[in-house]
Amino acid sequence: MSYVRNAWYVAGWAHELETDEPYAITILEERIVIWRSGRGAIHALEDRCVHRMAPLSLGRCEGERLRCMYHGLLFDPDGRVVEIPGQDKIPPQAQVRRFPVAERHSWLWIWMGEPELADETLIPPAVGLDHADYILGHGHLDYAAEARLINDNLLDFSHLTFVHAESFGAGPQFAESPGRITPLERGIRYERWTQNTLGSSSRKSETPMDSFMSYDFLIPGVLLMTGGVFPLGTAKAMGYGQPDYDEAVSGVTFTSQAVTPMKADTARYFFSWGPHRDHGDEAVRDMLMGIADKAFGEDKVMIEAQQQVIKDTAHPQVMPTAHDRGVTLFNRLVQKLAKEEHAEVREAAE
């Protein structure tokens, strides 16, 4: 499975990046070191010294520069070696790759494609932990599975009926009928009304209500979802379209989730979730995060087991079902963008 490189991948939570403390992560098989200088600038380089391949993430921050603590080579933020102890001449090849990096929505974002193509307008519009309207908890999980399998899981919510019956309290409707899928320029949109319901484990109701959920799943693997509970009859009155959340009676929440491919069969899954301030407080946030902890653990068990079956199968084949429209549309988009990137690389090399 190919991945889009001209895209912003989540590398970590911004508040966890300490000043002058190098942070290491692998994305798309590439080792990266990130550091925040004393003046607040954030830099990212290939995590490999040009001398003897020592990890720069074990280095020492010196202002905007990073020194390898094996033999002392000093790197500028652009990846060039500017000092070699005991040697005056710096070879022109003494340079490592620089990665564009941005801090937005409480996440650190890394551009994995050509640096000159980095476009911050392509950063998905997640909701950060400091957003004025939401009270959010957050975390991450490491998977012994490839990122594509996590993406596929998030693109096909029919699994909620079975995998998350105890955690999210999802009913049979997720498996019985697909949600509405709309293609977007860099992803897909999923929408679903559930009529005449008493809610779920995260938003119970004593009287029948209509509930709505919607998410955008965007390149390279970012889910942005909101939802709420509305008076009975709202779905029909809205023509089953997007509701006005000011009319919600309860349960308005937001979750931002990001899947980052690390190596061929490892990935990191970042997430936040919590209520709108008009629909909850810190106690509701903590309740939701408790549910998420159970549910995301359920996903992890299933997906890692799925990865093992794929590994043990000589020629694994997938048989799509009616619920796979979102999966198919998103993966086709990934393949299209990746193919275009490969063509551009070939043209530049000729």
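Atoms considered below: every heavy atom in the structure, side chains included; atoms not considered: hydrogens, waters and symmetry mates. All residue numbers refer to positions in the sequence shown, counting from 1.
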Criterion side-chain contact (heavy atoms from CB on, under 4.5 Å) on F270 and Q257, from CA distance to verdict: CA-CA 5 Å; F270 298 92; Q257 303 175 20; over 6 Å; no
Would you say that F75 contacts V82 through its side chain, given a criterion of any heavy-atom pair below 4.5 Å between the two side chains? no
We want to know whether Y240 and Q195 form a side-chain donor-acceptor pair, criterion being a heavy-atom distance below 3.5 angstrom. yes
In terms of heavy-atom contacts, D20 and S37 come closest through OD1-CA, 3.9 Å
Enclosure of R97 CZ (heavy-atom neighbours >12, cutoff 6.0 Å): yes
Please report the closest heavy-atom contact between G187 and F330, naming both atoms and the distance. CA-CD1, 4.2 Å
Among the clusters formed by ILVMFWY side chains lying less than 4.5 Å apart, do V33 and L73 turn up in the same one? yes
Atom pair OG1 (T328) and CG (L333), whose distance is rounded to the nearest 0.5 Å: 12.5 Å
Shared hydrophobic cluster, I123 / L117 (ILVMFWY, side-chain heavy atoms < 4.5 Å): yes
Verify the cluster assignment for W35 and L74: are they in a single hydrophobic cluster under the rule of side-chain heavy atoms below 4.5 Å apart? no
Within-4.5 Å side-chain heavy-atom neighbours: I219 and V334: yes
If we ignore angles and hydrogens, is there a donor and acceptor under 3.5 Å between the side chains of E304 and Y143? no
Got E191 and R189 here, is their nearest side-chain heavy-atom distance under 4.5 Å? yes
Sub-3.5 Å donor-acceptor pair from the side chain of N196 to the main-chain atoms of L232, do we have one? no
SG (C68) and CE (M53) are apart, to the nearest 0.5 Å, by 11.5 Å
Please report whether the ring centroid of W193 lies less than 6.0 Å from that of F230. yes
When you check the side-chain N and O atoms of W273 and T253, is any donor under 3.5 Å from an acceptor? yes
Is the backbone of R31 close enough, under 3.5 Å, to the side chain of E46 for a donor and an acceptor to pair up by distance? no
In Å and rounded to the nearest 0.5 Å, what is the NE2 to OH distance from H51 to Y70? 8.0 Å
Just say parallel, tilted or perpendicular for the rings of H15 and W13, cut-offs at 30° and 60°. tilted
Linking I/L/V/M/F/W/Y whenever their side-chain heavy atoms sit closer than 4.5 Å, directly or via other members, would V252 and I135 fall into one cluster? no
May I ask you to check whether E247 and T234 show a side-chain donor-acceptor distance below 3.5 Å? no
If I compare all heavy atoms of A258 with all of V222, which pair ends up nearest, and what's the gap? CB-CG2, 4.2 Å
Within the distance-only criterion (no hydrogens, no angle test), does the side chain of D312 pair as donor or acceptor with the backbone N or O of V309 below 3.5 angstrom? no
Kindly say whether V10 contributes a backbone atom to a donor-acceptor pair with the side chain of T260 at under 3.5 angstrom? yes
Rounded to the nearest 0.5 Å, what's the gap from CG on D293 to CG on D286? Could you check? 12.0 Å
Looking at the rings of H131 and H276, which for Trp means the six-membered one, are their centres under 6.0 Å apart? no
Okay, side chain of H105, backbone of A126: is any donor-acceptor separation there less than 3.5 Å? yes
Flag, side chain of W111 to backbone of A102, donor-acceptor distance under 3.5 Å: no
Checking V259 against L223 for the side-chain contact (heavy atoms from CB on, under 4.5 Å) test, could you report, in this order, the C-alpha distance in whole Å, the side-chain angles of both residues, the deciding distance, and whether it holds? CA-CA 9 Å; V259 182; L223 179 147; over 6 Å; no
Just wondering, more than 12 heavy atoms not from Y245 lying within 6.0 Å of its OH? yes
Which residue is it: E21, E18, E103? I am looking for the one with a salt bridge (charged side-chain N to carboxylate O under 4.0 Å, His left out) to R36. E103
Ring centres of Y215 and F157 under 6.0 Å apart? yes
Are S106 and D130 packed together at the side-chain level, in the sense that at least one heavy-atom pair is separated by less than 4.5 angstrom? yes
Any donor-acceptor pair under 3.5 Å linking the side chain of D210 with the backbone of G233? yes
With a 4.5 Å cut-off on side-chain heavy atoms, are T255 and Y134 touching? no
Using only atom types and a distance under 3.5 Å, with no angle test, would you say the side chain of R60 pairs donor to acceptor with the backbone of R67? no
N/O donor-acceptor pair under 3.5 Å between D47 side chain and S57 backbone: yes
Is it the case that R192 and Y190 place a side-chain donor and acceptor less than 3.5 Å from each other? yes
Any side-chain heavy-atom pair of D216 and I188 under 4.5 Å: no
Distance check, rounded to the nearest 0.5 Å: M112 atom CE versus E341 atom CD? 11.0 Å
Test item: W8 side-chain N/O and L122 main-chain N/O as donor-acceptor pair under 3.5 Å: no
Distance in Å, L149 CG paired with D299 CG, rounded so as to fall on 0.5 Å steps: 12.0 Å
Applying the 4.5 Å side-chain criterion to the ILVMFWY set and letting contacts propagate, would V96 and I34 be lumped into a single cluster? no
Taking the side chain as C-beta and beyond, is there a heavy-atom pair between M225 and F254 under 4.5 Å? no
Take atom CD of E185 as the centre, draw a 6.0 Å sphere, and report whether it contains more than 12 heavy atoms from other residues, nucleotides or ligands. no
What's the verdict on salt bridge (charged side-chain N to carboxylate O under 4.0 Å, His left out) for D133 and R277, showing C-alpha distance, side-chain angles and the deciding distance? CA-CA 6 Å; D133 293 338; R277 291 186 180 275; over 6 Å; no
Can a salt bridge be assigned to the pair D78 and R98 using a cut-off of 4.0 Å between side-chain N and carboxylate O? no
Atom of I181, atom of G326 and distance for their closest heavy-atom approach: CG2-CA, 4.1 Å
Determine, stepwise, if the pair R285 / D281 fulfils salt bridge (charged side-chain N to carboxylate O under 4.0 Å, His left out). CA-CA 6 Å; R285 175 201 62 197; D281 52 18; over 6 Å; no
Where do Q95 and V81 land on the side-chain contact (heavy atoms from CB on, under 4.5 Å) test, with the steps shown first? CA-CA 6 Å; Q95 184 166 359; V81 175; over 6 Å; no
When the aromatic ring centroids of F271 and F296 are compared, is their separation below 6.0 Å? yes
What do the steps show when you test L129 against S272 for side-chain contact (heavy atoms from CB on, under 4.5 Å), and what is the final call? CA-CA 8 Å; L129 303 180; S272 65; 4.0 Å; yes
Decide whether N6 and D119 meet the rule of one side-chain donor and one side-chain acceptor closer than 3.5 Å. no
Out of K263, R5, R48, which residue meets the salt bridge (charged side-chain N to carboxylate O under 4.0 Å, His left out) rule with E30? R5
Is there side-chain contact between L56 and P22, with at least one heavy-atom pair below 4.5 Å? no
